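Letters A, B, ... mirror the listed sequences (proteins, then strands); counts begin at 1. Remember, predicted model here, so these are calculated numbers, not experimental data.
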Protein chains: 2
Amino acid sequence: MKNTPLVRKLGTFVALSDVELSVIETLHKRRRTFVAGRDLVHQGQSDQAAYILASGWACSYKILPDGERQIIDFQIPGDFLGLRSVLLHMSDHSIEPITDIEVSEVMVGDLLDAFGKTPRLAMAVLWAASRDEAMVVEHLVDIGRRTAIERMAHFLLELGSRLALVGMGNKSGYQCPLTQYLMADALGLSAVHVNRVLRQLREEGMVSFRDGLVVFENYNKLVDFAGFDEAYLDHGGPLLA
Amino acid sequence: MKNTPLVRKLGTFVALSDVELSVIETLHKRRRTFVAGRDLVHQGQSDQAAYILASGWACSYKILPDGERQIIDFQIPGDFLGLRSVLLHMSDHSIEPITDIEVSEVMVGDLLDAFGKTPRLAMAVLWAASRDEAMVVEHLVDIGRRTAIERMAHFLLELGSRLALVGMGNKSGYQCPLTQYLMADALGLSAVHVNRVLRQLREEGMVSFRDGLVVFENYNKLVDFAGFDEAYLDHGGPLLA
DNA sequence: CGCCTAGTTGAGGTAAGTCAATTCACGTGG
DNA sequence: CCACGTGAATTGACTTACCTCAACTAGGCG
């Protein structure tokens, strides 16, 4: 059980004991699967469960009254889905599986019990939640103050870092099931412009994204160009020994 | 002590007992003041305290490598400052007082003690933190998918709702010390364009913003125009009786 | 009085959007 | 096996929302 994405991720925040590992395992009780495209959680829906994503990709988004969509974040294996919704007893956003996904349903009660047993696990989860918030903040900066091409560069790097943390990518590249339409909705751009920007990044020899595969042609140049600082993502080692 | 901004705000989430009120009071131990313009917290700084804002306005922001600034959020009385920084042991943003401010310094230890004594207070604080995150998400949607004028309209409404929650405004308007430059940095616009957009909103008879005073000329029209749904801000009553 | 900051307005430029057409990969049914 | 439809990517031509630069006004304060 030491190789689930969640364990890998939490392990970078807190060194986990065997006891804690087994507590985590009890959380993964009820396994469910969802097919791509059908919403798990609807905006405005109340009282649903939280999930831990085991495999596949999802996204959380909001729909505006005029029908426009803004994707808030993509979720990859090891991420929580709908944690905030449970706290607020009301979801302010929707969640849609991008690929077919497998999740573990987490009962709020079980989570609180787990926290009672191992406070270090509670800290780890809090850190994970704080990191999620930090990512939303970075996303905000991205959209507010970067040009389209910088935005895309930053986005691809951030995704790479997150995937690397759960063993699904590295500095040479990663597999990515996102369409240009999805990226457009995430970055506040039109799909057409996403396409142009990707071409530009490819022609300048920084990254290519073709057939579901992101390849970093020149990682350092890209990092420099995007002004990417991964301090907010990876702490370079456990904060709590 | 029942009329501090923090108590008013938490009170809308959870009905607070006398015991809980007195615990909150113990948090407000070390009172400090800061002058406008001098940063409380610097991006990259580690290990600082958290604060509760008692009076005045502040903002949290990030500076990009190229010198551009994105304001993440404005803080008004009753809001926490730097709660996430404490959790992550590292601040990913800076905080600057916009006016002279008074704050209560909160020791992390005291906060954890308080949570141990009254779990309901812990829930209230968690809810407050979740609401902050929901506001950042809404801000993201704002910048990503709304036009400049809708963005401004939405921003002024959200601020009004938040101020109303701590008794500093209502549906007819509120006092607001923000300059057009600050709003530009928050909304991802240029200061010049902020000015034009404010003029337009004034000419259409929806809101006016002059001499530090926001006046809603036609609240319903504005809500409709901005697509403002305050569900994510105010739950219309205590979630926990 | 002159300086500084905040706000205001105009003219012209540009990043990104919209509309539209084309290609390609893929299923699916005849 | 081919005809057809559908979703994704690609590219071109044109439009527009917002930016930049610049000039000017009005209040506050040493």
Side-chain angles (χ1 to χ4, degrees), chain A residues 35-38 57 59 64 66-71 96 98-99 142-156 175-204 207-215 225, chain B residues 35-37 57 59 64 66-71 96 98-100 142-156 175-203 207-214 225:
Chain A
V35 298
R38 182 106 43 83
W57 293 50
C59 68
L64 296 192
D66 66 1
E68 287 244 69
R69 171 164 91 155
Q70 174 68 46
I71 290 179
E96 175 187 316
I98 290 168
T99 64
D142 218 25
I143 293 183
R145 288 291 171 203
R146 282 190 252 253
T147 64
I149 189 165
E150 289 167 343
R151 238 180 269 182
M152 177 58 77
H154 192 274
F155 171 76
L156 293 175
Q175 304 253 167
C176 176
L178 303 179
T179 67
Q180 295 181 354
Y181 291 87
L182 285 167
M183 291 190 282
D185 280 346
L187 299 176
L189 299 171
S190 67
V192 172
H193 205 61
V194 163
N195 184 287
R196 291 193 229 275
V197 153
L198 283 175
R199 173 155 55 102
Q200 222 178 316
L201 286 170
R202 195 187 324 128
E203 283 171 355
E204 307 214 357
V207 233
S208 75
F209 186 171
R210 273 185 178 290
D211 304 319
L213 190 64
V214 173
V215 178
F225 175 76
Chain B
V35 298
W57 293 50
C59 68
L64 297 192
D66 66 1
E68 287 244 68
R69 172 165 90 154
Q70 175 67 47
I71 290 179
E96 176 188 315
I98 290 168
T99 64
D100 292 350
D142 218 25
I143 292 184
R145 287 290 171 206
R146 280 190 252 253
T147 64
I149 190 166
E150 289 166 343
R151 235 180 273 182
M152 177 60 76
H154 193 273
F155 171 76
L156 293 175
Q175 305 251 170
C176 177
L178 303 178
T179 67
Q180 295 182 352
Y181 291 87
L182 285 168
M183 290 190 282
D185 280 345
L187 299 176
L189 298 171
S190 67
V192 172
H193 205 62
V194 163
N195 183 288
R196 291 192 229 275
V197 152
L198 282 175
R199 174 153 57 101
Q200 222 177 317
L201 286 171
R202 196 186 324 127
E203 283 170 355
V207 233
S208 75
F209 185 171
R210 275 188 177 289
D211 305 318
L213 190 64
V214 173
F225 175 75

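The separation between A/Q180 atom CD and C/dC24 atom P is 16 Å, rounded to whole Å. Per the geometry, CD belonging to B/Q200 stands 13 Å off P belonging to C/dG10, to the nearest Å. Separating the CE atom of B/M183 from the C1' atom of C/dT8 is a distance of 14 Å, rounded to the nearest angstrom. Rounded to an integer number of Å, the gap from CG of B/N195 to P of D/dA22 is 19 Å. For the pair A/L178 CG and D/dA8 P, the interatomic distance rounds to 12 Å; values are reported in whole Å. Between the P atom of D/dA9 and the OH atom of A/Y181 lies a distance of 7 Å, rounded to the nearest Å. Following rounding to the nearest Å, B/F209 (CZ) and C/dG7 (C1') show an atom-to-atom distance of 11 Å.
For D/dT11, the OP1/OP2 oxygens have a side-chain nitrogen or oxygen of A/R199 closer than 4.0 Å.
Using a 4.5 Å cut-off on side-chain heavy atoms (C-beta onward), B/V192 and B/Q180 make no contact. Between A/Q70 and A/I143, some side-chain heavy-atom pair lies under the 4.5 Å cut-off. In this structure the side chain of A/F225 reaches within 4.5 angstrom of the side chain of A/I149, judged on heavy atoms. B/N195 is not listed as a side-chain neighbour of B/L198, based on a closest heavy-atom distance of 4.5 Å or more.
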| What one-letter contact string describes nucleotides 14-22 of chain C from 5' to 3', where B marks a base within less than 4.0 Å of any protein heavy atom, S marks contact via sugar-phosphate atoms alone, and - marks no contact? | --BSBB---

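Comment: B/D185 engages B/R69 in a salt bridge, judged by a side-chain N to carboxylate O separation of less than 4.0 angstrom.
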| query | Can you list the steps and then say if B/R196 with B/H193 is a side-chain contact (heavy atoms from CB on, under 4.5 Å)? | reply | CA-CA 5 Å; B/R196 291 192 229 275; B/H193 205 62; 4.2 Å; yes

